[in-house]
Q: 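Before I ask anything, let me first share the structure, which is written out below as structure tokens.
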Amino acid sequence: MSIIYGTLCRGAMALEELDLASDRPYLAYSSSDRSTMTDVVFAELRVLRLDQCYPPADCFLFPPGLTHVQLSGTRPMWPTLESMLSTLRPIPELKVLELYGVLPNGSTSPGPSPINLPSLKELHLGGTRQSILAVLQALVLSESVQVFVTLPHTTITTETGSPLQWLVKLRAKQSVGPEHAHTSH
């Protein structure tokens, strides 16, 4: 990560989009702390796409001004749901979040306190049923958020007998609590 950071420092002060991809999984076990690095280099970064790159949760590649994050790979990026949320929590302007194959393994134990991503418009999740459910339970979504879910190795058969990859499009709905219940007189 220090090589990437050094390269970016030399010529990327106004960088708005960053795409990093690796043929083989690239694992980084430590990096410069996000709190000291993002103001200097990534003030303008809005879009981050990582494919098979696995930086630490507090990496400088996740500055608060991001509006679009796309992370894809073949293994979890975070060891726990809590560490994933600690990466997302400081990114309040996030509008599009795409996580494919990098979700932490789902847990059956009570999860962390849900976080709110107030600007989120689209959420794309690809992973196991359990990991997707854990992430959905950990996020407070507004009614207008579009949620797209892709499950691996899941196919459906159409009326003509052709298999299709299963893709579910959902609209997030807030639950109706007692303060919203209607009563008749």
Side-chain angles (χ1 to χ4, degrees), residues 1-5 7-8 12 15 17-38 41-42 45-117 119-141 145 147-154 167-168:
M1 290 312 294
S2 61
I3 293 170
I4 293 170
Y5 180 73
T7 302
L8 293 172
L15 185 68
E17 290 191 30
L18 178 62
D19 291 86
L20 291 175
S22 177
D23 292 337
R24 293 177 298 183
Y26 173 74
L27 306 173
Y29 296 103
S30 66
S31 72
S32 302
D33 184 357
R34 168 179 23 202
S35 63
T36 60
M37 300 299 182
T38 56
V41 178
F42 294 114
L45 188 64
R46 299 296 175 255
V47 179
L48 175 65
R49 293 181 196 93
L50 300 179
D51 182 24
Q52 291 285 53
C53 297
Y54 302 92
D58 65 346
C59 182
F60 60 85
L61 291 174
F62 298 104
L66 285 173
T67 59
H68 186 138
V69 172
Q70 179 182 355
L71 307 174
S72 59
T74 55
R75 61 180 303 261
M77 182 169 287
W78 301 274
T80 64
L81 186 58
E82 292 83 1
S83 62
M84 184 191 93
L85 297 178
S86 74
T87 299
L88 298 176
R89 191 173 282 114
I91 312 175
E93 300 301 316
L94 198 56
K95 291 177 176 41
V96 178
L97 178 60
E98 300 178 68
L99 304 172
Y100 303 108
V102 297
L103 299 176
N105 295 324
S107 172
T108 55
S109 62
S113 297
I115 66 165
N116 186 15
L117 298 172
S119 300
L120 197 65
K121 302 292 181 220
E122 290 182 27
L123 176 64
H124 301 255
L125 299 173
T128 66
R129 288 177 178 91
Q130 191 174 10
S131 63
I132 290 171
L133 181 58
V135 170
L136 288 173
Q137 290 174 338
L139 298 176
V140 177
L141 301 175
V145 174
V147 178
F148 301 88
V149 174
T150 304
L151 298 171
H153 311 297
T154 307
L167 176 65
V168 178

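Fair warning: this is a prediction, and the values are worked out from it, not measured in the lab.
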Q: State, to 0.1 Å, how close Ser72 and Asp51 come at their nearest heavy-atom pair, and which atoms those are.
A: OG-OD1, 3.0 Å
Q: Using side-chain heavy atoms (C-beta onward) and a distance below 4.5 Å, is Cys53 in contact with Met77?
A: no
Q: For residues Leu151 and Arg129, determine if any side-chain heavy atom of one lies less than 4.5 Å from a side-chain heavy atom of the other.
A: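 A side-chain contact under 4.5 Å exists here.
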Q: Measure the shortest side-chain to side-chain distance between Thr80 and Pro104 over non-hydrogen atoms and say whether it is less than 4.5 angstrom.
A: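 Sidechains of Pro104 and Thr80: no contact.
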Q: Can you measure from CG (Leu88) to CG (Leu99) and round to the nearest 0.5 angstrom?
A: 7.0 Å
Q: Atom CE in Met84, atom CG in Leu139: separation rounded to 0.5 Å?
A: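 Answer rounded to 0.5 Å: 5.5 Å.
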Q: Are Ile132 and Leu103 side-chain neighbours, meaning at least one heavy-atom pair lies under 4.5 Å?
A: yes
Q: With Leu71, which of Tyr100, Tyr54, Trp78 fulfils side chain to side chain contact (heavy atoms under 4.5 Å, CB included)?
A: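 Running side chain to side chain contact (heavy atoms under 4.5 Å, CB included) over Tyr100, Tyr54, Trp78 with Leu71 returns exactly one hit, Trp78.
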Q: For the residue pair Thr74 and Gln52, establish whether any side-chain heavy-atom pair is separated by less than 4.5 Å.
A: yes
Q: What's the shortest heavy-atom distance between Ser86 and Pro90, and which atoms?
A: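 Result for this residue pair: O-CD, 3.2 Å.
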Q: Find the distance between CG (Leu133) and OG1 (Thr128) and round it off to the nearest 0.5 Å.
A: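 Going from the CG atom of Leu133 to the OG1 atom of Thr128 covers 9.5 Å.
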Q: Hey, are the side chains of Leu81 and Val135 touching, using non-hydrogen atoms and a 4.5 Å cut-off?
A: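 Answer yes - side chains close enough.
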Q: Can you give me the closest heavy-atom contact between Arg89 and Ile115, atom names plus distance?
A: NH2-CG2, 2.9 Å
Q: Strictly by modelled atom types, are His68 and Gln70 linked by a side-chain donor-acceptor pair under 3.5 Å?
A: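 No, because no side-chain N or O of His68 sits under 3.5 Å from a partner of the opposite role on Gln70.
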Q: Taking all non-hydrogen atoms of both residues into account, name the closest pair between Phe62 and Pro56 and its distance.
A: CE1-O, 4.1 Å
Q: Mark yes or no for whether Ser119, through its side chain, and Pro92, through its backbone, hold a donor-acceptor pair below 3.5 Å.
A: yes
Q: What's the separation between atom CG in Leu18 and atom CG in Leu66, rounded to the nearest 0.5 Å?
A: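 So the CG of Leu18 and the CG of Leu66 are separated by 9.5 Å.
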Q: Using a 4.5 Å cut-off on heavy atoms from C-beta on, say whether the side chain of Leu136 contacts that of Leu141.
A: yes
Q: Can you name the salt bridge (Lys or Arg N to Asp or Glu O under 4.0 Å) partners of Glu17, sequence neighbours left out?
A: Arg49
Q: Mark yes or no for whether Thr67, through its side chain, and Arg46, through its backbone, hold a donor-acceptor pair below 3.5 Å.
A: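 Yes, the answer is positive, given that a donor and an acceptor are paired below the 3.5 Å cut-off.
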Q: Between Val149 and Val147, what is the shortest heavy-atom contact and its length?
A: CG2-CG1, 4.0 Å
Q: Under 4.5 Å between any side-chain heavy atoms of Leu20 and Leu61, yes or no?
A: yes
Q: Determine the minimum heavy-atom distance between Thr87 and Ile91, stating which atoms define it.
A: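 Taking Thr87 first and Ile91 second, the nearest heavy atoms are O-CD1, 3.5 Å.
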